[in-house]
Each structure stands twice: as C-alpha cells, then as structure tokens.
Amino acid sequence: MRMRANTAIGGALMALLLGTAAAAVFWTPFDPLRINLRARLQPPSSLYWLGTDEFGRDVLSRVMVGAGTSVVIALLTVLLAVAAGTVIGCTAGYVRGWTDRIIMAVNDALLAFPGILLALAVMIVVGANKFGLILALGLAYTPSVVRVVRGTVLSIREKEYIEASRVIGNSEIYSMIRHVLPNAMAPVAVLATSMFGWVLLAESALSFLGLGVPPPAPTWGNMLAASRPFMETATWLSIAPGLCIALTLLGVNLLGDSLRDRLDPRMAHG
Amino acid sequence: MTAPLLRVDRLRVEAARSGAVIVDDVSFAVERGEFVAVVGESGSGKTAAARAVLGLLPPGLQKAGGQILLDDVDLATLSPRRMRALRGPVVGMVFQEPMVSLNPAMSVGAQMAEGLALHERIDRREIRRRCLDMLARVQIRDPEHTFNAYPHEFSGGMRQRIMLASVMLLKPKLLIADEPTTALDTLTQREVLDLMVGLARDHGTSVMLITHNLGLVSRYAQRALVLRQGKVIESGDTRQILSAPREAYTRQLVEALPRRGTAAVRRQGGEPLVSVRGLRVAFAGRQRLFRRDAGVSAVNGVDLDIGVGETVAVVGGSGSGKTTLGRAMLRLMPTAGGEIRFRGKDVTATANRDFRLSSQLVFQDPYSSLDPRMRVGEIVAEPLRHVPELTTGERDKRVAAMLEEVGLAGLGRRWPHELSGGQRQRIAIARAIVRQPAFVVADEPVSALDMTIQAQVLKLFERLQAQYGFACLFISHDLAAVEQVADRVVVMQGGRIVEQGSRDDIFDRPQHDYTKALLAAAPVLDFAGPATAHALG
C-alpha cells in the first residue's frame with residue numbers, strides 16, 4: 001500500500017505541474033513580459049499573489065509560463081540522454097571487445113569533464129536558445145546513462161535466458177532488443193528521474209551564466225538566477241521558482257519509483 | 001544414560017509478518033557423539049530448525065514456542081552475550097555455499113584464527129600451529145601456503161574443507177552441517193563428508209546433518225528425522241526409516257530415488273544423428289599487457305556419436321569438461337579443433353540453420369534460464385517465431401497443448417517468478433521441445449530440484465522423449481538419474497572421454513579407475529545402514 005501513496009502524491013504533483021503549464025498557454029493573471037515600473041518588487045498581495053520582480057512583472061504569471069518551458073526542456077533533455085545513452089551503452093556492453101573499449105574510453109573522458117563546462121562549450125557553438133540548451137545538456141548527461149546501461153547489459157548478457165534465446169535461433173539483435181534491453185531498463189528509469197532534477201538545476205545554472213533561454217522569456221532557472229541580487233530584500237523572488245523546482249523533483253522521483261516497481265513484474269504484487 | 005547433548009522440545013518458528021508456521025511442534029534429541037540426519041525438501045523447515053538451535057534465525061523468522069536445551073542449559077535463558085560464547089566452542093555450523101561463506105577479503109589463516117583468538121587464551125604462535133595442524137588434518141596439500149592464501153584461490157571442495165577446519169578447530173560439541181556438500185560433485189562430496197565424520201569421531205562431536213540426499217543419510221547417519229512443511233513426519237533409526245518407512249511421505253521420498261529402468265534397446269546402427277570427431281575447446285588465457293597467458297583446454301579430443309532418439313549421458317566431476325562439451329556441440333562456444341556433423345553435414349564452421357532449429361538446450365538453473373519479463377506462454381511460444389508457416393491461432397494452440405503436456409495447463413498468463421522451481425523447469429523443457437527438435441542437450445536438468453520433483457521431471461522427460469523421439473545428451477553428475485534415463489554412458493575426466501559403453505556395462509562392469517571411483521562415491525541407499533567403520537563411539 002506504501003507504493004500507492006507514492007503514486008498518488010507523485011501523480012498529484014505532476015498533474016498540478018502539467019495543468020499549470022497547459023493553463024499558462026491560454027491564460028495567466030498578468031502578461032508575464034509586461035514591465036510595470038510603478039509596481040516594482042511588490043511583496044505577495046491579493047493583487048499579485050506571488051509578488052512582482054524588479055521590473056514589476058507578476059511572479060505568478062512568470063512561474064506559470066516558466067513551468068512549461070522548464071519542464072519541456074528537462075523532459076526532452078532526459079529523453080535525448082536516455083535514448084542516446086541506451087543505444088551506445090547497449091552496443092558497448094553487448095558487442096564488447098574493441099568497440100566497447102573505444103566507446104568507454106571516449107565516454108570516460110566525457111565523464112571526467114565537468115558536465116556543465118561541456119554544456120557551456122556546446123552552447124557557445126550552437127547558440128543560446130531552447131534547442132541549443134537541450135542538445136548541450138543532453139550531451140552532457142549521456143555519458144552517465146552509457147555507464148549504467150553498459151554495466152547492466154554486461155551482467156544480463158551472461159544470464160542463461162540470453163543463451164536460451166540464442167539456442168532458439170534468435171538473432172543477436174533480436175535477443176538484445178527483446179531480452180536484454182527490457183531487463184536493463186529498471187536502473188535507467190531510476191537514473192532518468194534523478195536526472196530530471198539535475199537538468200532543471202543545470203538549466204538554472206546556465207541561465208545564471210547568461211547561456212540559458214535568453215530573457216525576457218521566463219524559465220524557473222533564469223528567474224532563480226535573476227532573483228539573486230534581491231535574495232535579502234525580496235525573498236519571494238527566489239522562493240517561488242525554487243519551491244517549484246523542489247516540488248517538481250519530489251513529484252518526478254515519487255512517480256519514478258512507482259513506475260519502476262510497476263514495470264518490474266516481480267515487484268508488481270509487492 | 002546421561003542426558004542428550006541437544007534436546008529440542010516442541011519447537012515452533014513463525015514468520016513474524018504473516019504468522020505462517022515454518023517449524024511446527026518439532027521435538028528431537030541428539031545424543032553425545034551421535035550422527036543425526038534431518039531430511040526434508042525445500043520449505044520443510046529443516047534449516048530454520050537448525051538455525052533456531054544456534055539462535056541465528058534469519059530476519060523475519062522468530063521462535064514462537066518450545067524449548068531448546070543444549071548441554072542441559074535452556075538457550076532461551078541465555079543473554080545474547082552468553083549465546084555468542086556458545087557459538088563456536090559448543091555449536092559450530094558449516095553452510096551450504098562454500099563460495100560465499102568465506103570472507104573473500106580475509107586470508108584463510110586470518111579467518112581460522114578469528115575463532116580461536118575469540119574463544120581461547122593462546123598466543124599467536126600457538127594459534128598458527130593449531131591452524132596448520134587442522135589444515136593438514138583436512139588433507140589440504142600445502143597448509144603453510146593455504147594459511148596465507150585467499151579463498152578465491154580454492155575450489156568449492158577445498159573451501160568446504162577450510163570451512164570445516166575452521167569450525168572444528170574449536171572442537172565444538174555439536175556440529176550443524178546444512179547441506180554441506182550439495183554444491184559439490186560426487187567425488188568431492190564423498191571426501192568432504194568422510195573427513196567430517198573422521199573429525200567428529202576424533203573430537204567426540206555430535207553431528208546434525210541437514211540434507212535432502214537419502215543416499216548420504218543412509219551412508220552416514222545413525223538416526224534420521226524426516227520433516228515436511230515444518231512437521232516431523234517420521235523419526236528413528238536410519239535403517240528402519242529407509243528400508244521400512246512407516247509414513248506415506250517417507251515412502252514417497254524413498255521411491256522418488258531414481259531406479260534403473262528396463263534396458264530400452266533403441267534402434268542401433270544406422271547413421272548417427274550427431275557425430276563429433278576430435279573435438280577440442282580451449283579457453284583463452286588472460287590478456288596481459290604484451291602477451292596472453294596460456295589458456296586451458298576444457299575439452300581435449302572427444303569422439304562421440306549420438307544416434308536418432310538415443311539418450312547418451314555424460315558424467316564426470318566438476319571441471320571434467322562435460323558442460324563445455326554440451327555447449328560446444330550446440331555451437332554455443334567456439335571450438336579449437338575437430339568437427340561436428342549433424343545428419344551427415346559438417347556444421348562446425350558454417351552456420352547451419354537446420355542444425356540451429358533442430359537442436360535445443362535445457363539448463364540446470366530454472367531460475368536464471370527464463371526471461372523474468374516474459375509470461376510463461378510467451379516464453380514457450382518464442383521458439384515458434386522461427387516456424388513461419390504457423391498462423392497465430394495455430395501457434396497459440398500448439399503452446400497451449402505443450403503446456404498441458406508438461407502439466408502446466410492454463411498457466412500461460414503467469415510470470416515465471418510466480419511458479420516453483422519444478423514448474424519453471426517444466427517451462428524450460430516445454431520451450432526446448434515445442435519446436436520438436438531432433439537433438440536436445442540437457443545440462444544437469446534436475447540437480448537444482450527437490451527429490452520428489454526430480455523424480456517427476458525425470459519421468460516427464462522420459463515420456464516426452466518416447467513421444468517425440470528426440471536424441472538427448474544428458475549431462476549430469478548424479479549417477480542415479482543417469483542410471484534411470486541413459487541408454488549409453490560416457491565418462492569424462494580432464495576434458496577427455498575415459499570410458500564409454502552401454503549403461504549396464506558402465507554401471508555393472510566399470511573398467512576405468514575413475515569410473516570405479518565415481519560409482520563408489522555415489523551415495524546410494526544402503527540398507528545395511530552406516531558402515532561400521534563410520535559408526536561413532
């Protein structure tokens with residue numbers, strides 16, 4: 001029954017997030033981009049529920065619009081990293097030999113390189129926009145997926161049911177897709193959920209350095225970055241996007257755990 | 001008559017969460033210097049009962065009633081501290097898995113010395129001397145070297161000797177041996193148990209041997225206790241229990257032992273289905289920086305013919321190359337030389353679709369040979385992917401019929417983990433023969449199963465073979481099973497065939513010394529009871 005609680009809380013948080021992001025497409029209390037210098041740095045009130053920022057923009061509206069941007073970026077980045085990492089990791093782990101050695105040498109070099117620096121370099125090349133950000137962060141997080149997938153595949157390919165599949169007459173590629181891959185996905189699901197959180201944070205770090213989604217378009221990351229000078233005088237500016245990131249992480253992780261249990265037939269009755 | 005060393009009275013062990021009764025009102029006694037066997041299948045509560053004596057029940061299990069008196073002391077009254085003082089010098093335990101019961105990060109000597117240093121006040125030189133003596137006593141070739149070596153350098157049999165040595169070093173009054181030789185091959189099993197009996201006699205130690213192997217019971221134990229589902233079914237003198245069991249369950253156990261069937265003379269002559277000439281398989285050595293270590297050759301020039309519908313058993317100890325031979329014959333392993341012919345065609349080098357589709361393998365471990373993410377029906381249906389002329393409906397029908405054939409009708413929607421070991425092995429067999437292969441390699445297909453289940457699976461296998469007429473290479477170290485199913489027997493040692501012949505010839509008139517040793521070591525029911533040489537004071 002504990003699993004049900006996880007699913008319920010995680011699901012509720014994610015539903016709230018997606019609902020907000022969807023609603024923001026059609027309606028926000030104020031125009032998130034409209035500057036109103038007469039209403040600068042207003043604390044939360046009945047008019048501005050979450051207060052206003054240094055340009056008098058409504059924080060609630062910006063958080064709502066930012067939800068869409070941040071979540072889409074994080075989701076696409078994680079998908080990219082998982083897809084690329086799974087294909088590369090599976091190849092390395094299943095083929096082994098020289099292919100494995102070369103892939104892993106490159107991979108380890110990338111792992112040793114700070115991910116954020118790698119993303120920075122890519123951003124400089126492809127430019128500071130949404131897609132550049134996704135590509136850069138996706139590339140930065142692929143190596144850890146490769147590591148995890150390769151390790152799992154290495155242990156699963158020695159299992160007897162893989163040999164059984166070979167005896168049946170199945171091709172190597174079929175065995176890999178039908179038998180190895182599904183059994184290797186559980187750790188990847190866990191990794192993906194925590195990665196979702198890292199990406200949200202990395203996005204804010206890049207925004208902070210001026211390489212994220214360019215202002216004035218709001219993301220939680222660049223809102224957080226912009227709130228820094230007012231941390232002591234206008235706390236609501238950092239609390240609102242910070243809390244959003246924290247709750248999203250909680251939701252994703254809870255949902256990820258129950259998803260992993262649900263995906264594994266051995267745990268389904270737990 | 002003095003009080004028995006161990007007296008267990010109405011012992012009850014329950015699972016803490018579900019309240020399921022694991023051990024139910026079990027009472028027995030072990031006299032001083034006596035050798036008692038506790039017999040039962042998995043889930044019978046035999047291990048839980050033994051662990052309760054040590055006060056080492058696994059988490060989730062708890063003692064729910066009854067009394068355990070060891071040397072007239074009620075264990076329930078002892079503090080954890082005094083209980084710890086008892087483990088070692090009074091009660092010792094040898095576990096089933098020698099591969100995991102020694103700490104891989106500690107040298108053998110350090111592990112042996114641990115107990116002595118804890119329980120006795122002697123200096124390091126004395127400890128070392130006693131350890132070396134004990135290692136010599138368990139016939140370890142080079143005690144000095146062993147003392148400083150690490151567990152991974154030893155085989156399973158050697159590790160079990162080391163385990164035995166370190167336990168007996170403290171001269172316990174009671175030795176609990178939980179399936180101590182189940183993971184070992186027949187010859188090693190005999191050696192380790194003989195050593196155990198010898199040591200126990202030297203020190204006047206009582207032994208509680210937990211096992212599922214009735215042959216061992218008859219050879220070593222004076223008294224036996226048969227457990228089933230936590231209850232004592234029957235107890236008493238070994239000879240009486242095995243030769244004239246009173247209870248139906250005990251009789252079932254004794255009857256489950258494989259017996260030699262009628263000599264089925266199958267089609268002789270004609271062209272062999274599979275024919276192997278001079279087959280060699282080598283494992284490459286480790287790749288060092290600039291050179292490669294010398295490899296090991298696991299199969300070294302084997303010639304073997306298997307006729308249509310014939311069962312050829314391959315027997316031998318671990319490391320004899322029998323498993324490697326089976327895998328190589330299915331071309332699951334690269335060969336280093338020789339040739340394999342299937343229906344007269346050379347399939348050694350070229351991929352042969354006909355051979356791949358008409359040969360199958362049944363694995364030893366039914367837990368790791370089934371994909372945990374596929375339903376039973378999908379597993380059995382998978383080989384039919386390669387029979388393109390079947391429609392989906394025909395395929396489903398064939399799978400359902402096959403499941404019924406192996407006694408699993410209606411379980412197609414289940415997951416493997418929901419089934420027992422015996423049921424899983426039936427799935428593996430169904431998967432192997434659903435495509436009606438001509439040749440099946442069965443690698444220890446029943447050795448991971450309980451006795452009564454073994455008998456059922458062997459019978460199923462025989463019936464299916466009679467029905468579908470596939471030839472079979474039956475790899476096993478269990479001579480009793482071989483005796484039941486084989487037409488011909490091949491004995492392997494060190495990668496070579498040392499003897500081959502008809503089943504009756506091998507079992508009744510063995511020629512080679514190794515064959516004789518294997519046969520002598522095989523635990524068979526011996527109604528004369530434990531030989532007098534083993535009888536304890």
Side-chain angles (χ1 to χ4, degrees), chain A residues 1-3 86 90 93-102 104-105 149 152-190 258-270, chain B residues 287 323 326-327 329-333 351-376 378-388 413-418 424 427-435 437 439-444 448:
Chain A
M1 285 300 125
R2 195 176 52 83
M3 201 186 82
T86 305
C90 240
Y94 202 80
V95 179
R96 293 176 67 185
W98 277 106
T99 319
D100 182 28
R101 269 180 239 177
I102 291 167
M104 290 324 283
V149 171
T152 322
V153 167
L154 273 184
S155 76
I156 288 175
R157 73 191 291 281
E158 300 303 325
K159 292 271 166 72
E160 285 186 335
Y161 56 82
I162 304 304
E163 193 163 36
S165 166
R166 224 168 282 156
V167 179
I168 282 170
N170 292 334
S171 66
E172 297 290 330
I173 289 179
Y174 180 88
S175 302
M176 184 164 103
I177 292 171
R178 187 78 180 85
H179 296 287
V180 177
L181 213 49
N183 285 291
M185 283 330 275
V188 176
V190 178
S258 67
L259 183 75
R260 179 200 52 199
D261 293 350
R262 194 64 62 87
L263 281 178
D264 189 338
R266 282 162 298 187
M267 306 280 284
H269 308 279
Chain B
Q287 177 74 57
T323 291
R327 302 267 150 122
M329 282 178 71
L330 286 182
R331 303 218 348 93
L332 289 170
M333 257 177 197
N352 186 311
R353 198 74 187 147
D354 175 39
F355 180 55
R356 173 50 73 233
L357 293 183
S358 29
S359 60
Q360 276 300 315
L361 176 61
V362 177
F363 296 85
Q364 167 173 11
D365 182 0
Y367 289 90
S368 70
S369 65
L370 305 175
D371 186 340
R373 281 173 190 267
M374 284 173 85
R375 292 176 193 275
V376 170
E378 295 175 295
I379 292 173
V380 178
E382 213 190 353
L384 298 177
R385 278 185 70 226
H386 300 287
V387 188
R413 298 284 302 157
R414 298 286 199 87
W415 297 102
H417 71 270
E418 297 173 323
R424 284 165 151 253
I427 301 172
I429 291 173
R431 171 177 63 189
I433 62 177
V434 70
R435 214 163 50 197
F439 177 48
V440 174
V441 173
D443 189 358
E444 304 269 10

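Here is the naming used below: chain letters follow the sequence lines, and residue numbers restart at 1 for every chain. None of the values given here were measured: they were computed from a predicted structure.
Each of B:His386, B:Gln364, B:Arg375 has some count of heavy-atom pairs under 4.5 Å with chain A, and the biggest count is that of B:His386.
For the residue pair A:Arg166 and B:Leu332, the shortest heavy atom distance occurs at CB-CD2, 4.4 Å. Across every non-hydrogen atom of B:Gln360 and A:Ile168, the tightest pair is NE2-CA, 3.7 Å. Between A:Ala164 and B:Ser369, the shortest heavy-atom contact is CB-O, 4.2 Å. Residues A:Ala186 and B:Arg373 approach most closely at CB-NH2, 4.1 Å, considering heavy atoms.
Interatomic distance, OG of A:Ser175 versus CD of B:Glu382, reported as 7.5 Å (0.5 Å rounding). A distance of 12.0 Å separates CG in B:Leu370 from NZ in A:Lys159, rounded to the nearest 0.5 Å. Note: B:Ser368 OG to A:Ile156 CD1 = 12.5 Å, rounded to the nearest 0.5 Å.
The contact between B:Leu357 and chain A is made entirely by side chain atoms (from C-beta outward), counting heavy-atom distances below 4.5 Å. Proximity to chain A is limited to the side chain of B:Arg435, based on heavy atoms less than 4.5 angstrom apart. Of the atoms belonging to B:Arg385, it is side-chain heavy atoms, and not backbone ones, that fall under 4.5 Å from chain A. Looking at B:Arg353, only its side chain comes within 4.5 Å of chain A, counting heavy atoms on both sides.
B:Asp371 is not listed as a side-chain neighbour of A:Arg178, based on a closest heavy-atom distance of 4.5 Å or more.
Ion pairing of A:Glu163 with B:Arg327 is present here, as a side-chain N (NZ or NE/NH1/NH2) and a carboxylate O approach within less than 4.0 Å.
For the side chain to side chain contact (heavy atoms under 4.5 Å, CB included) criterion with A:Val167, the lone passing option out of B:Leu361, B:Val362, B:Val441 is B:Leu361.
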